[in-house]
Each structure stands twice: as structure tokens, then as C-alpha cells.
Amino acid sequence: MRKIYWMGAAAFLTAACAPATRANVTTSAPAASQPPAPPAPSAEAKPATAEAPNPLLPEWKGPYGGVPPFSQVKVELIKPAFEEAMKRKRAEIASIADSAAAPTFENTIAALEVAGSTFDNVEVIYSVWSSTMSGPEFQALEREMEPKLAAFEDEITQNEKLFGRIEAVYASPDKAKLTPEQQRLSWRYHMRFVRAGAKLDVASKKRLSEINQRLALLFATFSQNVLADEESHAVILEQEADLAGLPDSVRASAAAAAEARGQKGKWAVINTRSSADPFLTYSSRDDLREQVWRNFVNRGDNGDAHDNNAVIAEILKLRAERATLLGYASHAHWRLEDSMAKTPERALSLMQSVWGPAVARVREEVADMQAIAKKEGAKRAIAPWDYRYYAEKVRKAKYDLDQNDVKPYLQLEKLREAMFWVAGELFGFAFSPVNDVEVYQPDVRVWEVKDKATGKHVGLWYFDPYARPGKRSGAWMNAYRPQRRFPGEVATIVSNNANFVKGAPDQPVLISWDDARTLFHEFGHALHGLSSSVTYPSLAGTSVSRDYVEFPSQLLENWLSTPEVLNRFALHYQTGKPIPPALVAKIEKTATFNQGFITVEYLAGALVDMKLHLADASSIDPRAFERDTLAALGMPQQIVMRHRTPQFLHIFGSDSYSAGYYSYLWSDTLASDAYEAFTEAKGPYDHGVAEKLSKNVFSVGDTVDPADGYRAFRGKDAGTDALMRKRGFLKRSGPKAKKS
Ligand SMILES: [Zn+2]
């Protein structure tokens with residue numbers, strides 16, 4: 001199974017991602033997408049160790065309980081390492097499944113937690129290369145390995161003897177004697193196997209495998225089609241007049257993009273979000289904005305060789321068939337069973353409660369924009385390619401905030417220190433840089449995390465901040481090794497990844513306010529991993545359900561704008577002076593600016609995703625479905641879905657966010673409510689609230705039901721009021737202790 005973790009569900013989440021923990025996919029991955037593909041014969045697997053031992057296979061050596069052998073990785077070593085690792089894991093699984101001893105928790109569930117450690121380690125290397133060190137050679141390997149890995153996953157979940165033992169442990173009256181964590185782990189394994197079809201008859205299992213295998217291929221095709229349309233369709237700007245309105249930074253990157261395409265002296269707007277959005281924000285050329293916008297929103301929808309509509313229709317049909325085979329009313333019902341929302345109806349109900357107020361806000365935003373457009377002599381109504389352009393003008397007019405005034409105070413390294421300081425205040429962590437571990441790229445740096453009070457080692461934090469060729473865009477967190485106490489105590493290793501542009505060697509890297517929020521967001525995922533205190537690795541850290549995992553990360557974004565952080569760490573890169581309070585006040589005032597647009601472009605996608613996966617899939621025309629669904633919702637004509645259906649990689653690039661794009665809103669409901677626990681008390685640094693948060697949310701991983709964990713922290717369930725207040729859809733009421 002290919003786990004892809006997306007950043008950027010919506011701008012209000014800044015670059016919200018989900019943390020990647022490929023390492024424990026095969027031993028647990030409760031919230032993961034389902035394993036595709038049938039058992040593969042291993043006849044072609046050759047021993048990798050014919051000449052020299054493969055350096056990727058031994059247990060991780062070195063300090064801190066062993067670290068990944070990054071300096072020894074060569075792409076050609078990965079396939080033989082995988083083949084040998086699969087062989088070992090296959091043998092370990094067989095010894096559990098074929099055991100003559102009566103099934104017990106220890107000899108079955110606990111044994112599964114230990115099985116496959118070599119495989120997990122090789123998978124970490126593979127996933128780091130996939131996301132940060134990719135290139136033609138690695139991509140070829142990926143195309144070859146993905147179906148094999150999927151088949152291997154199926155081979156384990158369809159092992160009847162193994163499932164028989166899991167079921168025996170799960171159904172045994174002795175289960176009551178286990179610890180609560182052991183009981184939940186047994187339930188997790190049982191549910192995961194059942195949800196993957198372990199109880200089906202032979203014919204259904206075979207069909208399920210065929211479906212999964214076909215889906216794996218369709219996911220890859222879908223992703224490659226989007227990529228192909230992003231790599232073509234660049235808009236080349238030939239002359240100075242085409243650059244009207246663009247700030248220097250946008251001009252410079254457009255010039256570099258053109259040069260990279262062999263068009264030195266011209267400017268190129270690449271058909272990707274990072275290139276298109278700034279152009280749409282600043283270009284004063286209506287005609288070029290429209291052209292750039294049309295190219296971007298039509299990715300995968302051009303009626304050519306890379307058109308995704310037929311691919312989508314087939315994916316939907318296969319998903320519906322699989323859900324029926326597994327006994328569910330729809331793909332959405334199957335996916336949401338293992339989520340905090342539990343049912344599509346609950347997710348829909350949350351989305352619908354926010355939709356109306358968000359659309360109402362869009363009308364106000366459009367009115368503001370239309371007024372400015374009229375003043376400037378525009379003769380037509382605001383079009384979708386105008387939204388970003390006029391929104392920026394409204395921002396300046398209404399709030400007098402120029403993003404370029406903020407940047408000099410936002411130095412990447414100072415903000416990293418700020419995050420460390422916040423982690424110290426909230427979780428009692430201390431960070432110190434280390435130089436005795438291997439990295440895969442010279443820009444990657446590593447810190448040891450310790451408990452401030454006891455000095456105990458907590459884990460390692462790898463930081464890979466800069467963009468480079470072969471690195472996926474966006475920002476994300478990755479767990480190289482989950483924390484565990486079984487079979488022995490092992491500390492976690494986590495990483496944060498971003499795509500900042502590296503400056504000159506002696507110059508500080510200055511980032512935008514949104515990027516600073518992203519930094520805090522990803523660090524929230526890292527702290528979720530570092531805080532973990534559980535026994536079994538597959539329940540550790542961020543291995544919680546999809547609609548809960550973005551809660552800790554979105555929550556942590558709030559600490560960026562606290563005065564404690566800004567006064568200490570938002571220092572001007574030349575004068576060293578802290579950011580002026582007047583500027584902070586302007587930033588705070590714009591907190592709810594453009595939330596109508598941001599919420600609607602996200603929610604439209606989340607609603608279409610859910611409705612696509614609830615609909616009768618026998619003959620869906622994706623283009624018509626999207627059009628009709630949006631019309632029925634009353635979609636404002638000035639906005640398109642953030643990801644239109646033919647390019648919606650979250651839901652068609654893999655199963656992982658399918659019927660799950662709502663998760664960001666669900667998690668933000670929790671995050672908004674949770675932050676009010678601080679503001680209702682002594683403020684963002686209230687130690688009592690922080691302690692409760694760590695105890696019931698950050699440290700427990702998946703050892704407790706998320707709803708129970710949340711209630712234990714907050715004393716109540718989260719309603720939507722805090723979310724509506726945060727987005728400015730509901731006026732604040734009552735006393736408010738502190739703001740940040
Ligand atoms: Zn995230």
C-alpha cells in the first residue's frame with residue numbers, strides 16, 4: 001500500500017499535512033488505506049547478498065538506540081534489501097501463523113508487533129527517498145515496487161491461519177485479563193484484518209485482491225496524469241508588459257523557471273499551485289490571469305491522453321464494489337467506520353453546518369472586491385481568476401497590511417528556536433543539536449530531545465527545511481521509528497520537512513507568516529510523535545485516525561502569534577528588534593480575512609468527495625457530477641473547488657483521504673475548541689491545561705478512543721462554536737481571558 005500524506009488541504013490549515021509513518025504500515029496502520037493486490041509469487045526474488053552484504057539490512061546501529069544508515073543508501077540497494085526483508089518478514093509471520101501452541105496475546109498479537117523489523121527499516125529508507133530524494137532511477141524503482149509491496153500486504157492480511165489466531169485471541173474470555181492497551185491492540189488487529197476482508201470466502205477474497213490490484217494501477221495512472229499536466233501547459237511570458245503587477249520575487253522565480261525550460265530571457269508560470277497562486281494574486285493582466293487559471297483548474301480534464309475522467313469513474317466503481325463485498329453500504333461507510341466521525345452522516349452534518357455561514361461570508365467578500373474593481377474601472381463581475389487578485393487589494397485597503405513588512409521579522413532559525421521554546425513550556429522538552437548521526441543530505445540537521453526535568457532521552461528530531469529537485473513540494477512530518485516499551489524501551493525518531501528557499505550562506509532565511517504557521521503545524525505533528533508514551537509501537541504517536549491526526553498540529557499553530565513568542569523570536573534580521581506591536585495588531589486583525597473563500601474552496605471539495613463516495617457508482621460522469629453537486633450546494637460562481645475532481649490527488653491518488661477530505665475540518669473543530677481551554681484558563685502557557693493536553697491527547701497515541709481522550713482533556717465534547725469564532729463566522733461572546 002502506498003501511503004501518501006498531503007499538505008495543504010486548505011490555506012486556513014496553512015500547509016496542513018498528515019504525518020507519514022510508513023514504517024509501521026504492515027504491522028498496524030489502523031487508519032491507513034486498505035491493502036491492495038493479491039499474493040505475489042516470490043520466485044523472482046533473488047538473494048541480495050550474493051556478493052556483498054547489503055548495508056540497509058542490519059539493525060540500525062549507532063547512538064540513541066540506532067539511527068537510519070542514510071549515508072550508505074544507494075538506490076540500487078533498495079530493491080534487494082526489500083526482497084530480503086520481505087523474505088525475513090514472511091518467515092516471521094509464518095512462525096506466528098503456523099505455531100502449534102494455543103493462540104495467546106503474547107504469541108500472536110505481541111509477536112506481530114515485533115515481526116518485520118527489518119522490513120520496517122527498509123521501508124523508512126524507501127519512503128525518505130520517495131519524498132525527498134527522488135529522481136528517474138528511484139521513480140522506476142517505485143513503479144516496480146509499489147504493486148509488490150501492495151501484494152505483500154495482502155498476503156499477510158489474507159493469511160487464514162494468522163487471522164484465525166488473531167480472532168481466537170480477540171474472542172477469548174481471557175481478553176478481559178489483558179491491560180486496556182492490550183485489549184485495544186487486539187481489537188485493532190482484529191478490526192484491521194476484518195476490514196481488509198479476512199472473513200470473506202475464497203472467491204470474494206480473490207475478487208477483492210483483483211480490485212485492489214487494479215486500483216493500485218489506477219491510482220498511479222491518476223497521479224501521473226496530473227503530474228504530466230503540471231509539467232506541460234506552462235504559460236510563457238514574452239515581454240515586460242506581461243509582468244504587470246508582479247513583485248520582484250515572483251518575477252525572479254518566473255525567470256528562473258523559464259531558464260530551467262531553456263527559455264532564458266523570458267518568464268514562465270508553471271502549471272503548479274506554487275507558481276500559479278502568486279501570479280493570480282499579483283498579475284494585473286486579466287487575460288493572463290484567466291489563461292493561467294484555466295490551465296491550472298483543468299489539470300486532468302483536457303480530453304487528451306492525460307484526461308482523468310474515465311480513471312475516476314472506474315475507481316469509483318471498483319471502490320463501490322469492494323465496499324459491497326465487505327458488507328458496507330458505500331465506500332464512505334467503509335472508510336468512516338474507522339474514524340472519529342464514525343459515519344458519513346456525522347461528517348456531512350459538520351460540513352453542512354459550516355457551509356451556509358461560509359457562503360454568506362463569500363458574498364460579503366465579493367462585495368468588497370467588486371467595489372474596488374469598480375473604482376478601478378472594471379466593467380465586469382468578479383470572475384474566479386480575479387478572486388486572489390482583488391482579495392489582496394482588499395487586504396491592503398481594509399487592513400493596511402503588506403506581507404512584505406512582516407517577512408523581515410520572520411527568520412527561519414529564530415522561529416525554530418521559538419518552537420523549541422514552546423515545546424519546553426508546554427511539554428517540558430529540551431532540544432540540543434547533535435552531529436553524531438548520519439543524514440541523507442547535507443542540509444538535514446538533527447537535534448536530540450530530552451526531558452527538561454529528568455534529562456531522560458525522548459527522541460531525535462530531523463529537520464530538512466529546504467526545497468531541492470527530487471523533493472516533494474509542501475511540508476510534512478515523518479516518523480522514522482515509533483516510540484515503544486515492548487519488547488524493550490525504544491525512543492522515537494521523527495522528522496519535519498519543508499520547502500523553504502535556501503538563501504545565500506551568510507543570509508538568514510526569511511519566511512512568510514503563512515509559512516511560519518506551517519512550520520508550527522508540522523512541529524505539532526512532531527511533538528505528537530515525541531510525546532508518545534505507550535507500550536506497543538503500532539499504537540504510538542501519530543498512528544491515530546485520519547480525522548484526529550490533524551488536531552494536535554492545527555492546535556500548535558496558535559502559539560506562533562502569542563506575545564511570548566513574537567517578542568522573543570520575531571526579531572528583525574538587521575536590527576534585532578522585535579516585531580512592533582502595531583504590526584502584530586494588524587496581523588491579528590486579518591486573522592479572519594478571506595475565510596469565506598478559504599472555507600468554501602476547501603469545503604466544496606470535501607463535500608464533493610463525500611458525495612462521490614456515497615453515490616450510486618454504476619455510471620458516474622465525474623464532470624457532470626461535480627457540476628451538478630456544486631450547483632445543488634449553491635456554490636458561489638466566483639470560486640472553484642480547491643482541488644477539482646480530475647486532479648484531486650488526495651482522494652484518487654490513493655485510498656488514504658478518500659471520503660476523508662473532511663478530516664481537516666473535523667480536526668480543526670477540535671483544535672479550535674481545545675485552544676479555548678487555554679484562553680479560558682490562564683492563557684496559552686497555562687501549565688495545568690498543557691499537562692492535561694499531554695496526558696490525554698499528545699502522549700496516548702491510539703491507546704484510547706479519541707473521543708474519550710478529548711473528553712478527558714476538555715471535560716466535554718467539542719462543539720462548533722469555537723471553530724465558527726475562529727473563522728469569524730460567529731461573533732465572540734462572553735469574557736475572553738487572553739487573545740493571541
Ligand atoms: Zn498536518
Checklist entry - Under 3.5 Å, is there a donor-acceptor pair between the Tyr536 and Gln182 side chains? => result yes
Next on the checklist: Once rounded to the nearest 0.5 Å, what's the spacing between atom NE2 of His687 and atom OG of Ser694?
Outcome noted: 12.5 Å
Item to check | Interatomic distance, Ile587 atom CD1 to Phe593 atom CZ [nearest 0.5 angstrom] | outcome: 14.0 Å
Item to check | Side-chain H-bond candidate by donor/acceptor type, Glu113 with Tyr189, under 3.5 Å | outcome: yes
Checklist entry - Looking only at heavy atoms, which two atoms of Pro706 and Arg184 are closest? And how far apart? => result CD-NH2, 4.1 Å
Checklist outcome for this item: Thr669 and Gly719 have their tightest heavy-atom pair at CG2-O, 3.4 Å
Next on the checklist: Could you check whether Tyr466 and Phe500 have their ring centres less than 6.0 Å apart?
Outcome noted: no
Next on the checklist: Any donor-acceptor pair under 3.5 Å linking the side-chain atoms of Ser538 with those of Arg484?
Outcome noted: no
Checklist entry - Is a side-chain donor-acceptor pair under 3.5 Å present for Tyr462 with Asn496? => result no
Checklist entry - Just checking, any donor-acceptor pair under 3.5 angstrom between side chains of Asp547 and Ser545? => result yes
Checklist entry - Do Tyr602 and Tyr661 have their ring centres less than 6.0 Å from each other? => result yes
Checklist entry - Under 6.0 Å from the NZ atom of Lys695, do we count more than 12 heavy atoms belonging to anything else shown? => result no
Checklist entry - Can you name the one residue among Arg322, Arg546, Arg335 that meets salt bridge (Lys or Arg N to Asp or Glu O under 4.0 Å) with Asp655? => result Arg322
Checklist entry - Can you find a side-chain donor-acceptor pair between Ser532 and Gln483 that sits under 3.5 Å? => result yes
Checklist entry - Are Arg188 and Glu181 within salt-bridge range, i.e. N to O under 4.0 Å? => result no
Next on the checklist: If I compare all heavy atoms of Pro646 with all of Ile312, which pair ends up nearest, and what's the gap?
Outcome noted: CA-CD1, 3.6 Å
Checklist entry - Do Arg273 and Arg642 touch side chain to side chain, with heavy atoms closer than 4.5 Å? => result yes
Item to check | Residues Asn497, Glu522; criterion side chain to side chain contact (heavy atoms under 4.5 Å, CB included); working and verdict | outcome: CA-CA 8 Å; Asn497 305 267; Glu522 300 310 332; over 6 Å; no
Item to check | Candidate pair Val449 and Leu460, rule side chain to side chain contact (heavy atoms under 4.5 Å, CB included), full reasoning | outcome: CA-CA 6 Å; Val449 187; Leu460 292 175; over 6 Å; no
Checklist entry - If you round to the nearest 0.5 Å, how far is CG of Leu348 from CG of Leu607? => result 6.5 Å
Item to check | Minimum side-chain heavy-atom gap Tyr657-Asp609 below 4.5 Å | outcome: no
Next on the checklist: Using a strict threshold of under 4.0 Å (side-chain N to carboxylate O), is an ion pair present between Arg727 and Asp668?
Outcome noted: yes
Item to check | Phe698 and Phe427 aromatic centres sub-6.0 Å | outcome: yes
Next on the checklist: To check you understand the geometry: which heavy-atom pair defines the closest contact between Phe520 and Leu415, and what is its length?
Outcome noted: CE1-O, 4.3 Å
Next on the checklist: I need the minimum non-hydrogen distance between Val494 and Gly529, along with the two atoms involved.
Outcome noted: CG1-CA, 4.4 Å
Checklist entry - At what distance, to the nearest 0.5 angstrom, does OH of Tyr675 lie from CG of Leu556? => result 10.0 Å
Checklist entry - Would Glu564 and Tyr685 count as a side chain to side chain donor-acceptor pair (under 3.5 Å) if you check the C-alpha gap in whole Å, the side-chain angles of each, and the deciding distance to 0.1 Å? => result CA-CA 9 Å; Glu564 289 85 345; Tyr685 298 94; 4.7 Å; no
Checklist entry - By side-chain hydrogen bond (donor to acceptor under 3.5 Å, both in side chains), which residues pair with Glu626, not counting sequence neighbours? => result Arg644, Thr645
Checklist entry - So do the side chains of Leu665 and Leu350 get within less than 4.5 Å of each other, counting heavy atoms only? => result yes
Checklist entry - Hey, is Glu676 close enough to Arg725 for a salt bridge, meaning N to O under 4.0 Å? => result yes
Item to check | Residues Trp666, Phe551; criterion ring pair (Phe, Tyr, Trp, His ring centres under 6.0 Å); working and verdict | outcome: CA-CA 8 Å; Trp666 191 272; Phe551 157 42; over 10 Å; no
Checklist entry - Is Leu555 close to Leu693 at the side-chain level, that is, under 4.5 Å between some pair of heavy atoms? => result yes
Next on the checklist: For the residue pair His333 / Ser330, report whether a side-chain donor-acceptor contact shorter than 3.5 Å exists.
Outcome noted: yes
Checklist entry - Charged N to carboxylate O under 4.0 angstrom, Glu337 versus Arg195? => result yes
Next on the checklist: Exactly one of Asn558, Val689, Thr562, Leu426 should register a side-chain contact (heavy atoms from CB on, under 4.5 Å) with Pro684. Which one does?
Outcome noted: Thr562
Item to check | ring pair (Phe, Tyr, Trp, His ring centres under 6.0 Å) evaluation trace for Phe678 with Trp559 | outcome: CA-CA 11 Å; Phe678 284 92; Trp559 274 263; 5.0 Å; yes
Checklist entry - Please walk me through it: do Tyr387 and Glu365 pass side chain to side chain donor-acceptor pair (under 3.5 Å)? => result CA-CA 9 Å; Tyr387 212 106; Glu365 289 171 6; 2.8 Å; yes
Checklist entry - Looking at OG1 of Thr599 and CE of Met351, how far apart are the two atoms once the value is rounded to the nearest 0.5 Å? => result 13.5 Å
Item to check | side chain to side chain contact (heavy atoms under 4.5 Å, CB included) between Leu336 and Tyr662, worked out | outcome: CA-CA 11 Å; Leu336 270 82; Tyr662 78 94; 3.7 Å; yes
Next on the checklist: Pairing donors with acceptors under 3.5 angstrom, does anything connect the side chains of Gln554 and Tyr664?
Outcome noted: no
Checklist entry - Given side chains that start at C-beta, do those of Ser223 and Leu649 come closer than 4.5 Å, heavy atoms only? => result yes
Next on the checklist: Between Ser663 and Tyr548, is there a side-chain donor-acceptor contact under 3.5 Å, judged purely by atom types and distance?
Outcome noted: no
Item to check | salt_bridge(Arg517, Asp514) N-O dist < 4.0 Å | outcome: no
Checklist entry - Does Glu230 reach the side chain of Arg299, with side-chain heavy atoms less than 4.5 Å apart? => result yes
Checklist entry - Are side-chain heavy atoms of Ser495 and Tyr480 found at a separation under 4.5 Å? => result yes
Item to check | From His521 atom NE2 to Leu560 atom CG, the distance as rounded to the nearest 0.5 Å | outcome: 13.5 Å
Next on the checklist: Which residue is it: His331, His650, His613? I am looking for the one with a side-chain hydrogen bond (donor to acceptor under 3.5 Å, both in side chains) to Ser658.
Outcome noted: His331
Next on the checklist: Please determine whether the number of non-hydrogen atoms from other residues, nucleotides or ligands lying under 6.0 Å from atom CD of Gln352 exceeds 12.
Outcome noted: yes
Item to check | Asp338 with Arg192: basic N within carboxylate O range, under 4.0 Å | outcome: no
Next on the checklist: Between Lys471 (side chain only) and Ala498 (backbone N and O only), is there a donor and an acceptor less than 3.5 Å apart?
Outcome noted: yes
Checklist entry - Can you check whether Phe729 reaches Thr720 side chain to side chain, under 4.5 Å on heavy atoms? => result no
Checklist entry - Which pair of heavy atoms, one from Phe296 and one from Thr272, lies closest together, and at what distance? => result CE1-C, 3.5 Å
Next on the checklist: Less than 3.5 Å apart, any donor N or O on the side chain of Ser553 or His525 sitting next to an acceptor on the other?
Outcome noted: yes
Checklist entry - When the aromatic ring centroids of Phe429 and Trp461 are compared, is their separation below 6.0 Å? => result no
